[in-house]
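Numbering of residues begins at 1 and proceeds along the displayed sequence. Because the structure is a prediction, the values reported are computed rather than measured.
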Amino acid sequence: MSAPSPRAAKEQAELNEALHHHEARQWAEAEKSCRRILRARPSHSQANLLLGRILKAQGKDDDAIVALKRAIAVDPKSIDAYIVLGLLLQRHGKLADAEKALGGALALNPDHAEAQRGLGGILFDQGRFADSVPLFRGYVAQIYSQPGGSGQWQGSAHKSRHDREQRDYLSATNPDIANSAAFFHLDSGGRVDGHAVNPDKTSGKIEVAWQKNAPQIAVIDDLLTNEALEKLREFCWRSTVWQRSYSSGYLGTVPELGFACPLLAQITEELRATYPAILGDHTLTRCWAFKYDSRLKGINIHADFAAVNVNFWITPDDANLEPESGGLVIWDQPAPIDQPFEAINNPGAAAEKFLQESGAKTVTVPHRANRAVIFDSDLYHKTDHIVFKEGYLNRRINITLLFGRREGAPAHDHDHDH
C-alpha cells in the first residue's frame, strides 16, 4: 500500500483540524479549516458536509444550505448531507424541499433511523400525521429494540415504579416482551372499522356555543366509540413509550418516542370532520400523552402554543377516588399574546400574579373516562387534584392534541410538550 501524497496528507491533516474545532464548538476556526480545504479542492465531499454543519451551528443558514447542496452534488450518496439539509430546510418552513431531501436519504437507506425520524417530523409539520406514523414507529423500533435501548429502569423513582408495574402487567399478557433484555413493545394501535369518534350528539349546538361564547370551552362526553377507546387504552397500557420523566410525578410520550399509531391518526381525522366549526382548517400541530403517579402532582399552570387544545382522558372511572376532581382547571383569562412559548409554558408565580390581578375565574372540569375538554389554547390551565387508586391500570392517562397555531407563531414551529 503506497503512502498518501503530500497533498492528500495535508488535506487530511486540515480535515482532522476542522473536526477537532467542530467537536470543541470552535466554529470560526473550524470554518477556516474547511474553507482552506475547499479552496484547494472545491469537490471535497467531507469538507463540504462539515462546512454545512459548521455554518448551521453559527446560524448562517443560507450559506449552510449552499454548502450542503454542494456536498450532495459532489457525493449523491451522502446520507448525512441529505439529513442535515432536510432538517435545515424544515427549520425555515420549506417543507416540500425538506421532504425531498429526507426522501433522498431514505432512498439510499430505507431503514436509516435518523432519516425516518426526520421525515416523520416533516410530514407531521405538513399535517400528514397518518403518513408520519410508520416513520416514527420505524425509528423507535430501531432505537429502543436493542438491549437497554428503551431507557427502562433509568431516571426518576416514579418512572422506575411505573416501569416495574408495566413489566408485571405485560408478564401476564406477553411474557416474551416482559422478559426481553430490551423490554420494548409498540402495540399495533390499528384503525377501527367504522367510526373511532362518536357523532356530535348535540346536533351542532356545541359548535354554535363555541363560536358565540367567551372563553371558548367545550366539554364532550363519550368522545370515542367503545372499540376505539378500548384499543387506545391497550396501546397506552402495553406500549413501552413512556420515556419522559417529569419531576412533578408524571411521565410523557410524543410521536418521536413511539406515541404514534394508525388509530390516533384516525381519531385526529375524525375529530376535524365531526367538529368542523371548532377545528376548522386547523391541522394537528403537536400531540402527546401523559401518565400520572397517583401519589404525586400533575401539571402546573400553563398555556399551549396552538389555536385549539383537545384534551381527553381514557382511564376507567372507577380508578378515580374523588369523582368531582382529577380533571382540568381552566382560567377564563388567556395568556398575553406577545408572550413567547417559554414564558407561557413555565410561568410559575408570574402567571398566578397575572391571573389574580386580571380577576380571572376558573372553570373546573372533573375527570371522566372518554371525556374531552376542547378549549382555546391561549387559556391558562392546570391538572386538577389527583387521587386515583394504586395499580398500573388505574394510572390517570390524558391525551392532548393541539390544532392550529397560536397567533404570531412561526408556521414551521411546533413546540414540545410541557
Quick one: [atom1] on [X] to [atom2] on [Y], what's the gap to the nearest 0.5 Å?
X      : Y      : atom1 : atom2 : answer
Lys100 : Leu85  : NZ    : CG    : 10.5 Å
Asp200 : Lys205 : CG    : NZ    : 10.5 Å
His367 : Thr383 : NE2   : OG1   : 11.0 Å

Ring-ring centroid check [X] [Y], cutoff 6.0 Å:
X      : Y      : result
Tyr380 : His302 : no
Tyr250 : His158 : no
Phe290 : Tyr246 : yes

* Lys NZ or Arg CZ of Arg167 over Phe183 ring: under 6.0 Å, within 45° -> yes
* **Ring-face cation contact, Tyr292 with Arg395, 6.0 Å cut, 45° max** => no
* To do: Check whether more than 12 heavy atoms from other residues, nucleotides or ligands sit under 6.0 Å from atom CG of Asp221, and answer yes or no.
  => yes
* To do: Could you tell me whether His195 atom NE2 has more than 12 heavy atoms of other residues or ligands within 6.0 Å of it?
  => no
List for me each residue that meets side-chain hydrogen bond (donor to acceptor under 3.5 Å, both in side chains) alongside [X], sequence neighbours excluded, and say none if there are none.
X      : result
Lys231 : none
Asn48  : Arg70
Glu230 : Arg233
His21  : Gln26

* Structure fact -> Across all chains, not counting sequence neighbours, the side chain to side chain contact (heavy atoms under 4.5 Å, CB included) partners of Asp187 are His185, Glu234, Phe235, Arg238, Ser239
* Asked: Hey, what's the ring geometry for Tyr144 with Phe184, parallel, tilted or perpendicular (30° and 60° as the breaks)?
  -> tilted
* To do: Assign the ring pair Phe129 / Phe124 to parallel, tilted or perpendicular, where the plane angle (0 to 90°) is split at 30° and 60°.
  => perpendicular
* Please report the C-alpha distance between Leu224 and Phe312 in whole Å, then the side-chain angles of each, then the deciding distance to 0.1 Å, and finally whether the side-chain contact (heavy atoms from CB on, under 4.5 Å) criterion is met. => CA-CA 10 Å; Leu224 305 179; Phe312 63 98; 4.0 Å; yes
* Would Tyr82 and Leu68 count as a side-chain contact (heavy atoms from CB on, under 4.5 Å) if you check the C-alpha gap in whole Å, the side-chain angles of each, and the deciding distance to 0.1 Å? -> CA-CA 8 Å; Tyr82 281 112; Leu68 292 164; over 6 Å; no
* To do: Step by step, work out the side-chain contact (heavy atoms from CB on, under 4.5 Å) result for Leu15 and Ile37.
  => CA-CA 7 Å; Leu15 183 62; Ile37 299 170; 3.9 Å; yes
* Please test His44 against Gln46 for side-chain contact (heavy atoms from CB on, under 4.5 Å), starting from the C-alpha separation and ending with a verdict. => CA-CA 6 Å; His44 195 292; Gln46 288 177 282; 3.6 Å; yes
* Asked: What pairs with Trp27 under ring-ring contact (aromatic ring centres under 6.0 Å, His included), at least two apart in sequence or on another chain?
  -> His22
